[in-house]
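In what follows, a single structure is set out as structure tokens and then discussed.
Positions are given from 1 along the sequence. Indexing begins at 1, ligand by ligand and atom by atom, following the structure's order.
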Amino acid sequence: MPETLKTELAPTFTFSQSSLQDYFDCQRRFQLRYIENLAWPAVESEPVMENERRQQEGQLFHRMVQQHLVGLPVEKLSRLASSPDLSRWWENYLGYNLNIDGYAQSPELILSAPVDSHRLLAKYDLVAILPGQKALIYDWKTSQKRPKDEWMAARMQTRVYRAMLIQAGAYLNNGAPIQPEQIEMVYWYADFPSEPARFPYTASQYQRDWSALTGFIRAISSQRDFPLTAEEKKCAYCPYRSYCNRGEKAGSLDESESDPETSTTEFNLNFEQIAEIEF
Ligand code: SF4
């Protein structure tokens, strides 16, 4: 670990739901990952091979769905479902009705909006819009467990994705701002296809979320001390635990609540792809 940690966030840093979630899980993790830019020195969960396999399969599944949504033939894509997990997820996906006929579909959409000198960014698996009527946000999850809806409702992803669609999504809605009541976010679980989690939105939730998100970003930008979390059980799934003297052994994948596929994909975003949508 460096003797003295950097404490100042780059003024041009782009926030995402992942970095904000890291901040709320542990402020020191935010500092190590986004201010120090430290590589991940340890695995997040055991068994390592199983964790990596699920991450890779999760990423491939996302890719297959994206390719399907842009029109590639099912027969061609089905050949990629070469493992039992992928094959099951793919069958479940093909058997599920997303109910988006007639919607304008934007798979793998990236939106961002400025917050002071920073930007806040959201990378969506799918946004489907019936202009002036309905805006559906779909997010595919390949986690082994289906989290409780209350847990997902409180996640930064749920708060950032819905608010960002209002902030930066008007161009998808014939130029008119999308109204909060038109938005619904759906987490579709590939292993629990008939149990999606649905989160509609209201104007008061939007006001609460956007005000909170801008407040968090302003507070983090001027913060100089990033303490270690007091909840040490979070350290078992954190790749920085050796830096923090919080144990050597990784937690079990079975017991982890985090999503293997989302822990790395957002972190590795290609920022050149970002649609710079000003409001
Ligand atoms: S090991 Fe624990 S204290 Fe250290 S960054 Fe990770 S979660 Fe925070």
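The proximity of R246 to ligand 1, defined as any non-hydrogen pair under 4.0 Å, is limited to the side chain.
No salt bridge links R88 with E91; every basic N to acidic carboxylate O contact stays at or beyond 4.0 Å. Salt-bridge formation is not detected for the pair D191/R146: no Lys NZ or Arg NE/NH1/NH2 atom is positioned less than 4.0 Å from an Asp or Glu carboxylate oxygen.
Those atoms of ligand 1 with a heavy atom of R241 less than 4.0 angstrom away are 1 (S). Atoms of ligand 1 found under 4.0 Å from any heavy atom of C244, numbered from 1 in the order shown, are 1 (S), 3 (S), 4 (Fe), 5 (S).
Here C238 does not reach atom 2 (Fe) of ligand 1: none of its N/O/S atoms is less than 2.8 Å from the metal. Among the backbone and side-chain atoms of C26, none of the N, O or S atoms lies under 2.8 Å from atom 6 (Fe) of ligand 1.
Atom 2 (Fe) of ligand 1 has as its closest protein heavy atom C235 SG, 2.3 Å.
With distances taken over non-hydrogen atoms, the option nearest atom 7 (S) of ligand 1 out of R29, R28, R33, Q31 is R29.
Other residues, nucleotides and ligands contribute more than 12 heavy atoms inside 6.0 Å of the CZ atom of R198.
Here the CD-OG distance, from E8 to S222, works out to 10.0 Å after rounding to the nearest 0.5 Å.
A donor and an acceptor atom, one from each side chain of E57 and T142, are nowhere located under 3.5 Å apart.
For the side-chain contact (heavy atoms from CB on, under 4.5 Å) with L165, the qualifying choice from L136, V160, L172 is L172, the only one to do so.
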